[in-house]
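These notes concern the structure reproduced below.
Below, chains carry the letters A, B, ... as their sequence lines are ordered, and counting in each starts from 1.
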Protein chains: 2
Amino acid sequence: MDAKRATVRDMRRRNRAVLLSRLYHDGPLSRQDLTGATGLSAASVSNLVGEMLEQGLVEEAGAVDSDGGRPRTLLRVRPGYGYLVGVDVGETRVRVELFDLSMTGLAKADYPIESARPEPETVVRHILAGLDAVTASAGVPRDALLGVGVGVPGVVEQGESAAVHAQTLGWEAVPLEAMLRAGTEARLYFDNGAKTLGRAEMWFGAGRGARHVVIALVGSGVGAAVLTDGVSYRGVSSSASEWGHTTIVYGGRRCRCGADGCLEAYVGAEAVLDRWRVARRGRPVPGRPAGTVTGPDEEGGIAALVAGAERSESAARVLEETAGYLGAGIANLINLFNPERIVLGGWAGLALGGVLLPRIREVAAAHALRHPYGQASIELCRLGPDAVSVGAATLPVARLLSDGGSR
Amino acid sequence: MDAKRATVRDMRRRNRAVLLSRLYHDGPLSRQDLTGATGLSAASVSNLVGEMLEQGLVEEAGAVDSDGGRPRTLLRVRPGYGYLVGVDVGETRVRVELFDLSMTGLAKADYPIESARPEPETVVRHILAGLDAVTASAGVPRDALLGVGVGVPGVVEQGESAAVHAQTLGWEAVPLEAMLRAGTEARLYFDNGAKTLGRAEMWFGAGRGARHVVIALVGSGVGAAVLTDGVSYRGVSSSASEWGHTTIVYGGRRCRCGADGCLEAYVGAEAVLDRWRVARRGRPVPGRPAGTVTGPDEEGGIAALVAGAERSESAARVLEETAGYLGAGIANLINLFNPERIVLGGWAGLALGGVLLPRIREVAAAHALRHPYGQASIELCRLGPDAVSVGAATLPVARLLSDGGSR
DNA sequence: CCCCTTATTTCAGCGCGTGACGAAAGTGCG
DNA sequence: CGCACTTTCGTCACGCGCTGAAATAAGGGG
């Protein structure tokens with residue numbers, strides 16, 4: 001509604017941003033290529049690139065013949081211009097990983113979390129320790145750190161200072177940004193872990209090249225990230241895309257969120273295993289709402305279910321039903337968001353999708369409207385669940401690119 | 001991903017756009033107010049406003065005392081600078097309406113559609129006739145027409161030339177833009193009718209002031225429009241927000257779209273009446289999928305249902321169930337889009353919402369996650385269903401504002 | 001009528017992209 | 001080996017557009 005005014009400086013920043021993003025995403029390019037790709041005049045490209053070369057933001061990267069004439073010198077973003085830290089706050093461990101600008105991993109530190117409901121202070125301590133550890137081990141000085149991205153399980157309320165609501169950790173409005181800021185001067189960025197994974201997939205995985213992608217993640221929980229032109233959709237406070245808690249079976253199974261018939265209560269890993277248990281024994285464990293029966297080894301359970309499909313009729317039936325719910329849930333995403341591509345991931349999503357993908361596509365086709373379905377492809381994630389920290393580290397990179405590298 | 005370069009001219013266009021939008025939406029303002037509101041320097045505001053005054057885009061509108069000093073002269077967008085036409089292609093009639101820039105209706109023409117599956121040519125002929133009729137009757141010359149916005153029932157595929165897919169009209173990829181362009185030189189804009197209604201509600205109705213709104217429309221069909229900062233969310237080809245065909249009861253009632261368990265098959269007007277019929281007779285008409293039983297007077301039926309709630313137990317039950325489905329569907333919107341406000345409308349939505357709104361809020365609260373629910377208010381549309389043409393006419397206005405009025 | 005306050009306009013200054021022109025860096029042919 | 005040709009890249013004068021400072025306009029009060 002209210003765009004902000006533009007000054008002559010914003011223009012330069014923006015043009016630097018355009019050039020820098022182009023160089024970053026589309027590999028080494030010559031100045032010539034850049035004039036064509038961005039529409040800027042050769043003079044401006046030369047000017048802007050010269051400035052960025054001087055600042056060490058970009059560097060020359062060889063040359064390529066140009067039949068007959070002066071060879072083009074290639075340019076790329078200089079990986080060593082700055083470093084990023086990506087943090088993955090998982091339910092069982094905190095991972096802190098250091099990257100250079102080319103997203104090459106340089107160091108990594110893991111801190112296991114014992115409690116199912118860890119104190120925020122503990123997590124903060126782990127993150128700060130990891131920050132020290134990875135920068136020290138790679139010999140990266142503090143002021144070369146462009147920023148720290150943190151992916152958390154739960155809702156990140158972006159605002160003056162980011163706060164986290166994570167039901168699974170028992171966190172309510174934890175002022176994570178303020179807490180971390182007390183211990184470091186690095187620029188901090190926060191987002192939901194599923195969304196950072198989506199970012200990673202978008203930049204380096206199955207989402208490459210698409211403008212409009214929905215990443216659907218299925219693990220113990222179920223979430224989604226909607227990404228348009230590289231930026232993720234956020235509502236009023238960024239708690240958007242709570243796909244797992246949309247109603248898909250009105251009046252159906254009780255979900256751990258307290259509502260009935262959530263998608264998560266049917267296709268979340270716990271829920272799938274619980275449904276399998278019911279299918280084998282004939283009836284559910286009484287008095288226990290679905291989803292609370294957390295096995296010590298859900299991953300093994302899902303693997304067993306997938307493996308058992310050939311021999312066991314109950315396993316096959318549960319899988320078939322899961323494909324049904326998942327396909328309908330994906331059809332909902334297609335109808336609501338009309339994406340170019342749906343990327344299914346998460347550890348359970350990958351395990352189930354590996355065998356169920358064709359069936360999921362069929363069900364989604366039956367539930368979605370013909371037209372949007374025809375424009376969407378359904379694929380599996382290419383990066384593993386470890387990419388959460390990669391995606392978190394792209395948060396400062398995105399900032400750098402959209403700022404054009406202004407300090 | 002790839003923003004476009006900026007030149008020094010883009011800057012001026014954008015600053016004009018910022019000023020113009022401010023003036024348009026926030027009523028008469030003085031130059032002084034504008035400097036504060038936009039961040040531009042007083043010199044630039046004066047310069048830009050002077051230019052726009054000269055072009056007749058804005059005009060002075062009185063003055064207001066400023067304790068002790070020179071009074072501020074107020075400025076506003078000049079309503080007669082240009083004129084808009086909004087077209088509402090409904091299922092029973094084509095309405096063509098002429099507005100000035102302040103959205104004051106100047107002339108109107110309706111053309112009934114007899115066939116349930118009208119030929120595109122017929123509709124095009126009506127639109128062109130209406131265009132002539134309204135401009136002639138108001139004495140607006142052709143070159144004063146800023147543009148024509150058309151709202152259609154169905155999916156608008158934006159592209160080189162807009163095409164329309166409207167299942168209810170039996171239209172498949174109708175090249176409406178090309179067809180109209182053959183008969184007029186006006187600038188043409190197309191969007192789904194529900195979305196244009198959402199735009200109207202956003203600019204002049206219940207969405208005013210909110211940055212992030214979802215408009216949920218319930219009539220015979222069910223649709224939604226997601227609006228962020230005044231622009232509506234579109235997917236790859238803008239067929240986004242097909243809320244009515246998201247699955248809410250897995251394996252449930254057959255919908256006219258062919259899938260099972262769509263929201264529309266429960267809360268669409270036809271579906272509600274069908275459910276009521278079933279509730280009264282005890283069983284459905286066999287062999288007839290739900291939703292195809294189009295009564296001649298659905299509106300009367302819904303009114304009767306609402307009125308009958310006090311006496312008839314079956315009516316009360318059907319209403320209660322409807323509130324449940326609608327609440328769950330709205331909760332899905334809240335969870336997925338995390339809006340600031342949900343606006344329920346459409347003729348059936350208003351009729352049902354009038355009595356069911358408190359109950360719908362309760363159900364939505366139970367189904368949505370606490371956090372996003374807490375940030376969303378649920379309200380009723382303020383403008384009637386006739387606002388489709390108003391919303392359609394805002395399409396060219398939006399273009400004017402974002403262009404800063406450059407020719 | 002003069003002074004004070006506030007709003008608006010004027011003006012010099014500066015940043016920025018552009019087009020034109022020229023330098024740089026190769027290739028191919030005599 | 002040198003010259004012509006091709007293609008890429010850098011430099012410069014120019015015009016546009018925003019800004020801050022100073023000047024001017026428009027009232028009110030004494």
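- Computed from coordinates, the Arg16(B) CZ to dC16(D) C1' distance equals 15 Å when rounded to whole Å.
- Computed from coordinates, the Glu60(A) CD to dA25(C) P distance equals 11 Å when rounded to whole Å.
- At whole-Å resolution of the value, CG in Asp10(B) and C1' in dT18(C) are 13 Å apart.
- For Asn192(A) and Arg234(A), the side-chain atoms include no donor-acceptor pair closer than 3.5 Å.
- Between Val397(B) and Leu146(B) there is no side-chain heavy-atom pair separated by less than 4.5 Å.
- Note: Tyr233(A) and Phe337(B) have perpendicular aromatic rings, judged against thresholds of 30 and 60 degrees for the angle between ring planes.
- The distance between atom CG of Leu75(B) and atom C1' of dT8(C), rounded to the nearest whole Å, is 11 Å.
- Checking Ala6(A) against Pro71(A), the closest nucleotide of DNA chain D that is more toward the 5' end is the one next to Pro71(A).
- Look at CG on Leu48(B): it is 12 Å from C1' on dC16(D), rounded to the nearest Å.
- When rounded to the nearest whole Å, the span between CE of Met11(A) and C1' of dG15(C) equals 8 Å.
- Between Thr73(A) and dC9(D), a side-chain N or O to OP1/OP2 separation shorter than 4.0 Å is present.
- Inter-residue side-chain proximity for Arg142(A) and Thr135(A) is flagged as met; some heavy-atom pair is nearer than 4.5 Å.
- Asn47(A) has no side-chain polar atom (N or O) that falls below the 4.0 Å cut-off from OP1 or OP2 of dG17(C).
- The CZ-C1' distance, from Arg13(B) to dG17(C), rounds to 14 Å in whole Å.
- Taking atom CG of Leu74(A) as the reference point, atom P of dA25(C) lies 16 Å away to the nearest angstrom.
- Not a single donor-acceptor contact under 3.5 angstrom links the side-chain atoms of Arg70(B) to the base of dA26(D).
- Within residues 30-44 of chain A, the residues that place at least one heavy atom under 4.0 Å from DNA chain D are, in residue-number order, Arg31(A), Gln32(A), Ala43(A).
- In this structure, Ser232(A) has no side-chain hydrogen bond (donor to acceptor under 3.5 Å, both in side chains) partners at least two apart in sequence or on a different chain.
- Applying the 4.0 Å criterion to OP1 and OP2 of dT19(D), one finds that Arg5(A) has a side-chain N or O inside that range.
- Phosphate contact (OP1/OP2 of dC18(D), side-chain N/O of Arg9(A), threshold under 4.0 Å): absent.
- Nearest nucleotide to the side chain of Ser46(A), out of dT18(C), dG10(D), dG15(C): dG10(D).
- A sub-4.0 Å separation between OP1 or OP2 of dT8(C) and a side-chain N or O of Arg72(B) is absent.
- Looking at residues two or more places apart in sequence or on another chain, you find a side-chain hydrogen bond (donor to acceptor under 3.5 Å, both in side chains) between Arg181(A) and Glu177(A).
- Nucleic acid contact for Asp65(B): none, since no nucleic acid atom lies under 4.0 Å from a heavy atom of the residue.
- Side-chain contact between Val58(A) and Leu19(A) is absent, with no heavy-atom pair separated by less than 4.5 Å.
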